[in-house]
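Hydrogens, waters and symmetry mates are skipped; everything else that's a heavy atom, side chains included, is used.
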Amino acid sequence: MTFDWAPPQIGSPGPDSPARAPQTQPYRSDTVIDGWATAGFEVRAASVRGPGHRASGVPRQDDFALATAAGSVIAVVADGVSNAPLSHLGATMVCRTVVDYLLRADADAAVDWPDLLRCAGWALVEYAGRQLGEPDPQRAEALLASTVVVALVRPDDAGRAVAQLVRVGDSAAWRLRDGTWEPLFAALSDPQDELLPDGVAALPRVPAEVHPVQVTIAEGDVLVLATDGFAEPLGDGAGDLGRLFGDGLATPPPMTRLAWMLDFAGGSSDDDRTVLAVWPVPPGRP
């Protein structure tokens with residue numbers, strides 16, 4: 001039996017450039033995948049280095065984290081800002097800090113979302129000071145800046161799930177229902193005091209106001225988090241990419257298949273791509 005390893009083609013073919021090893025320390029893999037199930041949820045995630053970074057030898061600047069605690073799922077997706085030379089480290093640090101914070105939180109208490117984001121931002125400042133010898137917070141921003149989108153997904157008594165989400169920057173989230181992509185965040189505003197010089201909102205800066213979003217994820221729905229390397233070519237979800245992932249995420253796919261879909265070729269996006277998906281599992285289903 002043969003298997004075509006060529007990635008999905010979306011739109012017009014892009015330039016066919018050979019991949020270069022990422023020029024970075026410490027070592028960072030091109031592609032990461034994860035997936036598992038609990039009594040109430042099934043999850044899949046993949047992060048793939050984009051064609052532009054493969055051609056130029058830049059490391060994958062996206063990252064994600066998944067954890068479970070007290071029957072809930074913690075899901076985090078981060079995107080290191082391109083102009084920050086160590087933003088791949090920043091993205092990883094943000095993911096780990098958010099997960100650690102939520103694992104320590106009281107499962108029955110409301111999450112202090114502004115405090116969570118401040119802790120994630122401060123982790124970047126502390127790392128820059130202790131590990132890089134750069135104690136100035138502005139230097140931490142210049143070196144490690146990262147966007148983030150966080151979801152805490154809890155089961156309810158009706159066999160559904162309730163997700164609370166918050167973000168900084170242009171990473172995105174949707175409720176995927178019957179092939180329709182419903183964005184969970186409003187269009188970004190541009191308050192200048194919350195933006196980096198290149199126009200991107202990112203940690204360690206925390207917005208003056210944090211507005212969490214809450215959404216119900218019913219049986220048959222999928223909660224999807226992603227970086228802008230996926231969100232921008234997805235658009236409103238009506239194109240080829242939206243149909244590919246709408247079909248591919250209708251049920252939890254094999255982890256390798258998610259990474260294969262995410263390695264799509266063509267179109268205008270050459271950025272890193274990360275997608276994380278959560279499916280509620282009704283009580284009693286194996």
Taking [X] for its side chain and [Y] for its backbone only, find out whether a donor-acceptor pair lies under 3.5 Å.
| X | Y | value |
| --- | --- | --- |
| Arg273 | Asp271 | yes |
| Asp228 | Ala231 | no |
| Arg44 | Leu249 | no |
| Thr227 | Thr274 | yes |
| Thr97 | Ala120 | no |
| Arg20 | Ser56 | yes |
| Ser29 | Val32 | no |
| Gln23 | Ala21 | yes |
| Trp113 | Val166 | no |
| Arg177 | Glu182 | no |

Pair [X] + [Y]: basic N to acidic O under 4.0 Å:
| X | Y | answer |
| --- | --- | --- |
| Glu141 | Arg139 | no |
| Arg49 | Asp272 | no |
| Arg54 | Asp30 | yes |
| Arg28 | Asp63 | yes |

Inset, instruction - Please determine which of Asp34, Val149, Ile33 meets the side chain to side chain contact (heavy atoms under 4.5 Å, CB included) test together with Phe64. - result: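 Filter result, single survivor: Asp34.
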Which heavy atom of [X] sits nearest a heavy atom of [Y], and at what distance?
| X | Y | value |
| --- | --- | --- |
| Ala218 | Arg160 | CA-CG, 4.1 Å |
| Ala140 | Ala128 | CB-CB, 3.6 Å |
| Phe41 | Val281 | C-CG2, 3.8 Å |
| Ala46 | Leu262 | O-CD2, 3.3 Å |

Inset, instruction - Evaluate whether atom CG of Asp106 has more than 12 neighbouring non-hydrogen atoms of other residues, nucleotides or ligands under 6.0 angstrom away. - result: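 Count over threshold, so yes.
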Inset, instruction - Check the surroundings of atom CD in Gln138: do more than 12 heavy atoms from other residues, nucleotides or ligands lie under 6.0 Å from it? - result: no
Inset, instruction - Take Leu223 and Leu165, measure what side chain to side chain contact (heavy atoms under 4.5 Å, CB included) needs, and give me the verdict at the end. - result: CA-CA 11 Å; Leu223 176 67; Leu165 302 99; 4.1 Å; yes
Inset, instruction - Please list all pairs passing the ring-ring contact (aromatic ring centres under 6.0 Å, His included) test where one or both residues lie in residues 234-254, with sequence neighbours left out. - result: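 Matches after skipping sequence neighbours: Phe230-Phe245.
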Legend entry - Intermediate values then yes/no, side chain to side chain contact (heavy atoms under 4.5 Å, CB included), Val48 and Arg60: CA-CA 7 Å; Val48 176; Arg60 176 177 48 83; 5.8 Å; no
Legend entry - Residue pair Trp174 / Leu234, side-chain heavy-atom distance below 4.5 Å: yes
Inset, instruction - State, with a plain yes or no, whether a side-chain heavy atom of Val150 is found less than 4.5 Å away from one of Arg167. - result: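 Side-chain contact under 4.5 Å: no.
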